[in-house]
Amino acid sequence: MPDVVSEKSFLPAGGGAYSLPSLTLGIFLNDQPSHRISHGSDSALHSPLKKHQGWLLPAGSEGVCEYDDDLEFVTVSLGERLLDEFGVSASEDFQAIIGDIDPVLLSLSLNALTSGEGGSLYRETMSRALAAQVVQLIKPEPASHAGIEDRRLRRVLDYIHDNLAEDLTLAAMADLAAMSGTHFSKAFKKEIGVSPLQYVIGARLDLASVLLQTTRFSVSEIAWRVGYQDVSRFSQHFKRKFGMTPASYRQR
């Protein structure tokens with residue numbers, strides 16, 4: 001199958017059995033207060049879902065989905081080759097996610113519907129951004145953290161990537177690692193190769209570059225979503241890393 005298959009569907013009230021050959025995300029486009037779902041051998045449970053909520057299920061999932069109102073929804077399936085690039089097996093088993101969808105994944109998935117209108121670079125960027133966000137949600141230790149032996153530092157890295165829009169202070173990260181600020185800074189730089197502040201800035205700018213290519217958010221909104229309150233400072237940092245302004249990066 002292609003790296004990403006995205007479809008928008010409309011179904012009358014009722015529902016029925018489902019079978020997913022690949023890892024798939026479903027996003028509801030209208031409220032379904034009576035929604036019920038079973039996964040595997042589980043009994044169908046009442047799982048009310050609102051617009052832009054949904055589910056993320058592993059390949060091979062089977063069950064029943066029922067709803068009492070007409071349903072409009074989007075499905076996004078990820079292919080084996082793309083998942084393999086991120087160190088995830090096509091048959092990777094993980095705990096089903098039902099309910100709120102990660103906001104970045106939600107935006108990327110809805111934009112995937114129109115990704116065919118862009119060039120190949122846009123489609124490839126979209127596909128990899130989707131895969132990276134999915135892997136971050138389903139793997140307890142993302143591949144980018146695999147070389148770090150200290151579990152405390154891995155916990156800090158997870159915390160950073162989960163909270164890029166928040167005020168990430170050195171004190172908070174050191175507390176999470178159960179270290180003094182000085183010890184934490186030295187240990188972090190020894191393991192990662194850069195200071196905690198440099199790592200946070202790099203992670204924020206990497207996410208910003210993906211959002212610029214795959215969403216229609218304004219530059220100021222993207223700056224806010226990756227933790228910058230000052231747009232001019234965001235632009236300075238972005239240009240220093242990528243050699244061009246955010247606006248130029250989006251138009252390339």
Side-chain angles (χ1 to χ4, degrees), residues 23 56 58 82-89 92-95 97 100-108 125 128-214 219 221-244 246 249:
L23 186 155
L56 179 63
L82 179 61
L83 290 172
D84 184 63
E85 288 185 20
F86 288 83
V88 174
S89 166
E92 186 89 17
D93 193 23
F94 57 88
Q95 183 67 40
I97 297 173
D100 290 332
I101 301 298
D102 172 82
V104 174
L105 180 58
L106 173 64
S107 176
L108 292 170
T125 303
R128 280 158 180 75
L130 270 167
Q133 199 65 19
V134 167
V135 170
Q136 190 175 49
L137 291 174
I138 68 174
K139 283 188 78 73
E141 296 179 4
S144 59
H145 302 181
I148 303 168
E149 296 181 357
D150 193 319
R151 289 185 179 276
R152 292 172 294 177
L153 289 180
R154 288 204 299 270
R155 188 162 63 240
V156 172
L157 290 178
D158 289 338
Y159 169 74
I160 289 172
H161 285 276
D162 288 343
N163 296 277
L164 286 175
E166 307 301 325
D167 183 17
L168 294 168
T169 66
L170 179 62
M173 289 185 276
D175 286 346
L176 189 62
M179 300 178 184
S180 69
T182 301
H183 184 196
F184 169 72
S185 293
K186 290 180 178 178
F188 190 98
K189 188 168 184 178
K190 179 181 178 181
E191 291 288 346
I192 309 301
V194 296
S195 71
L197 176 60
Q198 290 172 318
Y199 185 88
V200 168
I201 291 174
R204 284 172 166 164
L205 295 176
D206 286 341
L207 176 57
S209 70
V210 170
L211 294 176
L212 284 165
Q213 288 289 312
T214 59
V219 171
E221 184 171 356
I222 288 175
W224 175 78
R225 283 176 176 266
V226 300
Y228 281 86
Q229 303 302 317
D230 185 339
V231 179
S232 63
R233 186 172 181 80
F234 164 68
S235 297
Q236 290 172 0
H237 284 182
F238 192 93
K239 187 174 182 179
R240 188 178 303 148
K241 176 167 184 174
F242 293 101
M244 62 185 75
Y249 187 92

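Bear in mind the structure is a predicted one, so any value in this text is a computation, not a measurement.
Of all heavy-atom pairs spanning V226 and A208, the tightest one is CG1-N, 3.9 Å. Nearest heavy-atom pair, F94 versus L56, reported as atom, atom and distance to 0.1 Å: CE1-O, 3.6 Å. For F188 against V194, the heavy-atom pair with the smallest separation is CD2-O, 3.3 Å. Closest approach of A177 and R155 over heavy atoms only: CA-NH2, 4.4 Å. Between R204 and E166, the shortest heavy-atom contact is NH2-O, 2.6 Å. Smallest separation of non-hydrogen atoms from S89 and L83: O-CD1, 4.4 Å.
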Next item on the list: Check step by step if side-chain contact (heavy atoms from CB on, under 4.5 Å) holds for L82 and L130.
Entry: CA-CA 10 Å; L82 179 61; L130 270 167; 5.8 Å; no

Next item on the list: Take H237 and K241 through the side-chain contact (heavy atoms from CB on, under 4.5 Å) test and state the conclusion after the steps.
Entry: CA-CA 6 Å; H237 284 182; K241 176 167 184 174; over 6 Å; no

Checklist line | Full working for side-chain contact (heavy atoms from CB on, under 4.5 Å) between I97 and D102 | finding: CA-CA 10 Å; I97 297 173; D102 172 82; over 6 Å; no

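In this structure, the separation between CD1 on I101 and CD on Q133 is 11.5 Å, given to the nearest 0.5 Å. Distance check: L168 CG to H161 NE2 gives 10.0 Å after rounding to the nearest 0.5 Å. If you take CD1 on I192 and CG on L157, they are separated by 4.5 Å, rounding to the nearest 0.5 Å.
The side chain to side chain contact (heavy atoms under 4.5 Å, CB included) test with I160 is passed by exactly one of N163, D158, L164: L164.
When side chains are defined from C-beta on, F184 does not count as touching L176, because their heavy atoms never get closer than 4.5 Å. L205 places a side-chain heavy atom less than 4.5 Å from the side chain of Y228.
Looking at S209, its side chain does come within 3.5 Å of a backbone N or O of D206 through a donor-acceptor pair.
Remark: D230 pairs with S232 by the side-chain hydrogen bond (donor to acceptor under 3.5 Å, both in side chains) rule, at least two apart or across chains.
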